[in-house]
Structures are given as C-alpha cells and as structure tokens.
*Asks:* 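For reference, the structure I am asking about is given below.
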Amino acid sequence: MLKSFEAVANQLKFKAKVISIDNLAFKFHYRATFIILLVCTVLVTSRQYIGEHIRCMTGGSPTIPEHVINTFCFFTTTFTIVRHLNESMLERGNIPHPGIGPVHDDDEKKFHAYYQWVPFVLFGQAIMFYLPHLIWRSWENGRIKILVYGLQMTSLSWHIHCQNDVQITPNHTLQTKSTITNRVAIIRMEFLRHLRIHRWWAPRLVFCEFLCFANLILQIHYVNEFLNGQFLRLGIDFIQGNYEGPMDPLDVVFPKVTKCHFYKYGPSGSIQKHDALCVMALNVMNEKIYTFLWFWFILLLVVALASFTWRFITWILHSRSTRFNGFVFSMACPGRLHPLDMVVIKKTLAYSDWLFLYYIAKNLDPPVFRELLSSLVKELRGEVFREESDEEVEEVELRRRSDIDPDQFTKIQQQQQDIEKIDMVDFPEKSDKLA
C-alpha cells in the first residue's frame, strides 16, 4: 500500500517550518489541501485498491475482444438513462441497476465523461492551491528568516554563561548573551532603517491571502461544472440520503454501472450496434474523494472568512487599542509585555510595520523579543514624543512607577494636577502656595 505513495512522499517534507511568514488559514491551503489533493491523485490512479477502472461486457459477442470494448468505453462517454434513475422501479425489479434499462429514441441520456479527467483535475487543483504560497515566498524573499535565523532557541543562553558560542548540533548553536544582544541590535537597526519601506509587506500578504480565497471559490465553481452541476449539493444530499435501500444519492452523480454503445461493420458491410454494460469501479473511489472534498472546501471557506475577519479587526484596532496590541503580541510572544511599549507601538507604527513586527515576534524567543521591543520603543518614542508630551504615555509611566492600588494612584494624579496649577501662576503666588 505504501509503495503507491513513495513518489509523493519523496517530494514532500512533513516537518514543521522553523520560520513562520503566514497565518494558519494560509497553511490550510498550501499545506493541508495541497497534500490531500496529491494523495487523492495517487488513489484514483492506483489499481491495487479498486482493480480495473472499467470492465464492460457485450452479451458474449465473440467478435469484440474484451480489452477493446473496455478501452473504447473508458476513453469515450458512457451514459445512464434519466428515467431509470428510479429507486421504486429498482425495488420492484423492473430495472437491474440505477439508470440502466431499455433505451428509446426520446429518452433523456445522462453522459459521464469526467472520470477520464479526474487525476489531471486533482493534480491541477493541487498546483493551484500551492501557487499563492509560491508568489508570497518570492515577494517576501526570506526577509524574516534573515533577521531572526538562529534566535528561536536561545532560552538556555539566559541561564548558561559562556565565553564563546557552542555548536550543539549542525543546525543548533548555543549563543552567548553578547551575541544575542548584537543580533538584536542588528534587527533593531534594520527595522528602523526600513520603517516606512515595509509598507508593501502587509498589502502583498493580504493580496496572497485573497488569492487563496479567490482560488477556493474558483475551484468550487470548476468542480461543480466538472460534475455537471451536481457538486454544490453533494454534501447536503449525502447527509440527507437514505442508505438502507438499493439506491443512494451518490449513485446519481457517480453511477457504478453505465451503458456504452459500440459500433462496427458486420460481415455484410452494415453497421452493427453492440450494447455494452460497464462496471465503473473507479467511481467507488471518486464518490468518496469528492464527498470528502465538499466538506473540506466548506471548512476552508469558514477558515478563510474567519481569517479575513481577524485581518480586518487587526487593521482597525492596531492603532486604536493598547490592550488589543498587548493581547496580540502576547499570543505571538508568550509573556507579559510592558503597557508603555504597547502605547508607543500603537501611536507610531503603520499597519504594515505593525504586521512585520508581529511576525518577527512570532519567530523569536520571548526574552529576545522583549529586549528588541524595549530598544525599539526607546527609538520610536524619542522620535515621536521628543517635542510634545503624551497623556497616555505619562499615565502608563505613572502607573509603572507607583505600582500601588487605584485609590493611591488617583491621589497621585490629583497632586500632579495641583502642581501644574501652581506652575501656571506667578512666582510670588507660587511661593505662598508652596509655603
């Protein structure tokens, strides 16, 4: 069984990415869906699970070899009769199989040719789901990886004092605190140097996320057309179907037995029609694949809509709420962050810079990011609040310095207001009040 997946497994690396440059919804598309579609492609092209894809019989006619009629009916269209898709007739024994029975000239026929293209369509869909990730990787160009590489596993460095970096494994190095400090300084300088140049970062990421969503809608529409308009209700019919009788809802979309007409010249030169009955073993696998894909695409829709909702919320609140910034950066970098840092981030960073800093936080150890954030805040606050005071920043600093209960904090605020009133009067009056 595993031999069928060797060709796919050799091309896939099932390991966690050290560097994160996108969100979970993005990974649902280019990792999970891509792998699922490749596995489905292998399943429908493997004969060891379902045997021959199609086997046809023509009533024992000795003039048509079996492999000829099998090949002909597989590469041409087979069909079923619409009026014979009747479960009551099947139960009474009037027809042998759903859609199979006598054919009249005015009968409506339902042709089935999709089974020829299922492997190609599944593989093409896998490529389409991976394409937005390729575009984003080419645009991102490893910027996050260059900045944070080697700083993901530095917890030991804060507890072990070494003079030099220690090579633990070929891929892991125990760095000294001085090395980490120098690396943090480099990240800080690069972030500040490109503070307004990073504005392309967020729009391009959001555009690629929109490409994933647009591709999902396109694939649902295409599969529905591919299955003759029967895909949109496939999951609903599957849930509501009755599987106790001789016919189930999937037999209409994926018939197990179909008809095929083969024409050839007879001994006298006249055209002879041979009515073949074909067993479609391939549809046993197709019905399960597309039923699963219906539910999977619904899950992808929910995840994509939730991702867009979250992205909109971050765009609205990143410059409006200090608590929201603290919540988001605490999720990216577990641990308590200083409220003053969040105030400065809220007031200074555009959304693209904010998102870039968020992904840096996701890829750094908490102690390293807190050190980076502290140095960044000093620079940003010095540039923005150099010439004017900021009430929210002063309030946060006062809370930090006081570290007391709310009643005492209110008294300190009242004292500061009294001092400000004294500063606004003339010197003689100020002396009297101070006395």
*Asks:* Taking all non-hydrogen atoms of both residues into account, name the closest pair between Leu205 and Ile21 and its distance.
*Replies:* CD1-O, 4.2 Å

*Asks:* Quick check on ring-ring contact (aromatic ring centres under 6.0 Å, His included): which of Phe28, Tyr130, Phe129 does Phe34 satisfy it with?
*Replies:*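 Of the listed options, the one satisfying the test is Tyr130.
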
*Asks:* Throw together a table of side-chain donor-acceptor distances under 3.5 angstrom for residues 207-221, partners on residues two or more places apart or in other chains.
*Replies:*
residue: Glu209; atom: OE1; partner: Arg311; partner atom: NE; Å: 3.3
residue: Glu209; atom: OE2; partner: Asn23; partner atom: ND2; Å: 2.9
residue: Glu209; atom: OE2; partner: Arg311; partner atom: NH2; Å: 2.7
residue: Asn215; atom: OD1; partner: Gln219; partner atom: NE2; Å: 3.2
residue: Gln219; atom: OE1; partner: Gln125; partner atom: NE2; Å: 3.1

*Asks:* Between the main-chain N or O of Phe231 and the side-chain N or O of Trp294, is there a donor-acceptor pair closer than 3.5 Å?
*Replies:*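 Yes, the answer is positive, given that a donor and an acceptor are paired below the 3.5 Å cut-off.
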
*Asks:* Treating Ser138 as the side-chain partner and Ile135 as the backbone partner, does any N or O pair qualify as donor plus acceptor under 3.5 Å?
*Replies:* yes

*Asks:* Please check: side-chain N/O of Lys378 versus main-chain N/O of Ser374, any donor-acceptor pairing under 3.5 Å?
*Replies:* no

*Asks:* Please work out which of the three classes, parallel, tilted or perpendicular, describes the rings of Trp310 and Phe324, given edges at 30° and 60°.
*Replies:*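 The rings of Phe324 and Trp310 sit tilted, inter-plane angle from 30° to 60°.
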
*Asks:* Which is it for Phe369 and Ile187 under the side-chain contact (heavy atoms from CB on, under 4.5 Å) test, yes or no, and what are the steps along the way?
*Replies:* CA-CA 10 Å; Phe369 177 71; Ile187 297 175; over 6 Å; no

*Asks:* Please name the pair of heavy atoms, one in Trp200 and one in Ser352, separated by the smallest distance, quoted to 0.1 Å.
*Replies:*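 Nearest pair, atom of Trp200 first, then Ser352: N-OG, 4.0 Å.
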
*Asks:* Evaluate the side-chain proximity of Val252 to Lys110: yes if any heavy-atom separation is below 4.5 Å, no if none is.
*Replies:*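 They are in side-chain contact.
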
*Asks:* Is it true that a side-chain atom of Thr322 and a backbone atom of Val343 form a donor plus acceptor pair closer than 3.5 Å?
*Replies:*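 Not at all, since once roles are kept as given, no pair shorter than 3.5 Å links the two residues.
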
*Asks:* Taking the side chain as every heavy atom from C-beta outward, state whether Ile81 and Val103 have any atom pair closer than 4.5 Å.
*Replies:* yes

*Asks:* Quick check for you: to the nearest 0.5 Å, what is the distance between Leu376 atom CG and Ile360 atom CD1?
*Replies:* 8.0 Å

*Asks:* Would you check, one step at a time, whether the test side-chain contact (heavy atoms from CB on, under 4.5 Å) holds for Asp237 with Val253?
*Replies:* CA-CA 11 Å; Asp237 293 338; Val253 187; over 6 Å; no

*Asks:* Taking C-beta and beyond as the side chain, do His29 and His133 meet within less than 4.5 Å on heavy atoms?
*Replies:*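 Not in contact.
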
*Asks:* Taking Asp365 for its side chain and Pro367 for its backbone only, find out whether a donor-acceptor pair lies under 3.5 Å.
*Replies:*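 Between the backbone of Pro367 and the side chain of Asp365 there is no qualifying donor-acceptor contact (under 3.5 Å).
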
*Asks:* Taking the side chain as everything from C-beta on, heavy atoms only, tell me whether Tyr358 gets closer than 4.5 Å to Lys362.
*Replies:* yes

*Asks:* Salt bridge between Glu140 and Arg204, side-chain N to carboxylate O under 4.0 Å?
*Replies:* no

*Asks:* Specify whether His318 and Trp354 have parallel, tilted or perpendicular ring planes, treating 30° as the upper limit for parallel and 60° as the lower limit for perpendicular.
*Replies:* tilted

*Asks:* Distance-only, no hydrogens or angles: does the Gln116 side chain make a donor-acceptor pair with backbone N or O of Phe74 under 3.5 Å?
*Replies:* yes

*Asks:* Is it true that Glu287 and Lys256 have a side-chain N and a carboxylate O under 4.0 angstrom from each other?
*Replies:*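 Yes, Glu287 and Lys256 are salt-bridged.
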
*Asks:* So if I apply the ring-ring contact (aromatic ring centres under 6.0 Å, His included) rule between Trp201 and each of Trp139, Tyr351, Trp136, which one comes out positive?
*Replies:* Trp136

*Asks:* Would you indicate whether Phe308, at its atom CZ, is surrounded by more than 12 heavy atoms from other residues, nucleotides or ligands within a distance under 6.0 Å?
*Replies:*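 Result for CZ/Phe308: enclosed.
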
*Asks:* Could you check if a side-chain atom of Pro255 sits within less than 4.5 angstrom of a side-chain atom of Pro98, using non-hydrogen atoms only?
*Replies:*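 Counting from C-beta outward, Pro255 and Pro98 never come under 4.5 Å.
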
*Asks:* Starting at CG of Leu282, measure out to CD1 of Ile54 and round the result to the nearest 0.5 Å.
*Replies:* 9.0 Å

*Asks:* Is it true that a side-chain atom of Thr41 and a backbone atom of Leu37 form a donor plus acceptor pair closer than 3.5 Å?
*Replies:*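 Yes.
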
*Asks:* Just do the side-chain hydrogen bond (donor to acceptor under 3.5 Å, both in side chains) check on Asn286 and Tyr114 with the steps written out, would you?
*Replies:* CA-CA 10 Å; Asn286 288 338; Tyr114 59 85; 5.5 Å; no

*Asks:* Quick one: NZ on Lys273 to CZ on Phe262, what's the gap to the nearest 0.5 Å?
*Replies:* 14.0 Å

*Asks:* Please indicate whether Ile271 has more than 12 foreign heavy atoms, meaning atoms of other residues, nucleotides or ligands, lying under 6.0 Å from its CD1.
*Replies:*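 Counting other residues, nucleotides and ligands, CD1 of Ile271 stays at 12 neighbours or fewer.
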
*Asks:* Can you list everything that forms a side-chain hydrogen bond (donor to acceptor under 3.5 Å, both in side chains) with Thr78? Sequence neighbours excluded, please.
*Replies:*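 With neighbours one apart ignored, the set is Tyr115, Thr258.
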
*Asks:* Would one find more than 12 heavy atoms of other residues, nucleotides or ligands at under 6.0 Å from atom CH2 of Trp315?
*Replies:* no

*Asks:* More than 12 non-hydrogen atoms from neighbouring residues, nucleotides or ligands closer than 6.0 Å to CZ on Arg323, yes or no?
*Replies:*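 No, CZ of Arg323 has 12 or fewer neighbouring heavy atoms, counting only those of other groups under 6.0 Å.
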
*Asks:* How long is the gap from CD1 on Ile316 to CZ on Phe312, to the nearest 0.5 Å?
*Replies:* 4.0 Å

*Asks:* Looking at Val344, is its backbone amide N or carbonyl O close enough to the side chain of Asp341 to form a donor-acceptor pair, meaning the two atoms are under 3.5 Å apart?
*Replies:*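 A pair under 3.5 Å: no.
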
*Asks:* So Phe111 and Phe79, would you call those rings parallel, tilted or perpendicular, with 30° and 60° as cut-offs?
*Replies:* tilted

*Asks:* Heavy atoms only: give me the nearest Asn363-Ser20 pair and the separation to one decimal.
*Replies:*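 For Asn363 and Ser20, the tightest heavy-atom pair comes out as OD1-N, 2.6 Å.
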
*Asks:* Could you check if a side-chain atom of Tyr222 sits within less than 4.5 angstrom of a side-chain atom of Val121, using non-hydrogen atoms only?
*Replies:* yes

*Asks:* What distance separates Leu373 CG from Leu340 CG, expressed to the nearest 0.5 Å?
*Replies:* 9.5 Å

*Asks:* Short question: side chain of Thr45, backbone of Val42 - any donor-acceptor pair under 3.5 Å?
*Replies:*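 Checking the backbone N and O of Val42 against the side chain of Thr45, a donor-acceptor pair under 3.5 Å is found.
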
*Asks:* Can you pull the disulfide bond (SG atoms under 2.5 Å apart) pairs that have at least one residue in residues 271-321, sequence neighbours excluded?
*Replies:*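 The answer is Cys56-Cys278.
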
*Asks:* Do other residues, nucleotides or ligands put more than 12 heavy atoms under 6.0 Å from the CH2 atom of Trp117?
*Replies:* no

*Asks:* Any side-chain to backbone donor/acceptor pair from Ser375 onto Leu372? Under 3.5 Å, distance only.
*Replies:*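 Yes, Ser375 side chain to Leu372 backbone: donor-acceptor pair under 3.5 Å.
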
*Asks:* Ignoring hydrogens, what is the shortest heavy-atom contact between Pro119 and Val44? Give both atom names and the distance.
*Replies:*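 Of all heavy-atom pairs spanning Pro119 and Val44, the closest is CG-CG2, 3.8 Å.
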
*Asks:* Take Ile289 and Phe254, measure what side-chain contact (heavy atoms from CB on, under 4.5 Å) needs, and give me the verdict at the end.
*Replies:* CA-CA 11 Å; Ile289 288 175; Phe254 305 98; over 6 Å; no

*Asks:* Below 4.5 Å, heavy atoms only, C-beta onward: do Val118 and Phe226 meet side chain to side chain?
*Replies:*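 Val118 vs Phe226: side chains touch.
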
*Asks:* With rounding to the nearest 0.5 angstrom, report the CG to CG distance, Leu349 to Leu355.
*Replies:* 11.0 Å

*Asks:* With side-chain hydrogen bond (donor to acceptor under 3.5 Å, both in side chains) as the test, pick out the partner of His112 among Asn228, Asn283, Thr80, Thr77.
*Replies:*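 One option only clears the test, and that one is Thr80.
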
*Asks:* Start with the C-alpha distance between Phe292 and Ile36, add both sets of side-chain angles, then the distance that settles side-chain contact (heavy atoms from CB on, under 4.5 Å), and finish with yes or no.
*Replies:* CA-CA 10 Å; Phe292 172 78; Ile36 287 172; 3.7 Å; yes

*Asks:* So do Arg137 and Leu134 actually touch side chain to side chain, heavy atoms under 4.5 Å?
*Replies:*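 Yes - at least one pair of side-chain heavy atoms lies under 4.5 Å apart.
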
*Asks:* Can you tell me how the ring of Tyr30 sits relative to the ring of Phe26, calling it parallel under 30°, perpendicular over 60° and tilted otherwise?
*Replies:* perpendicular

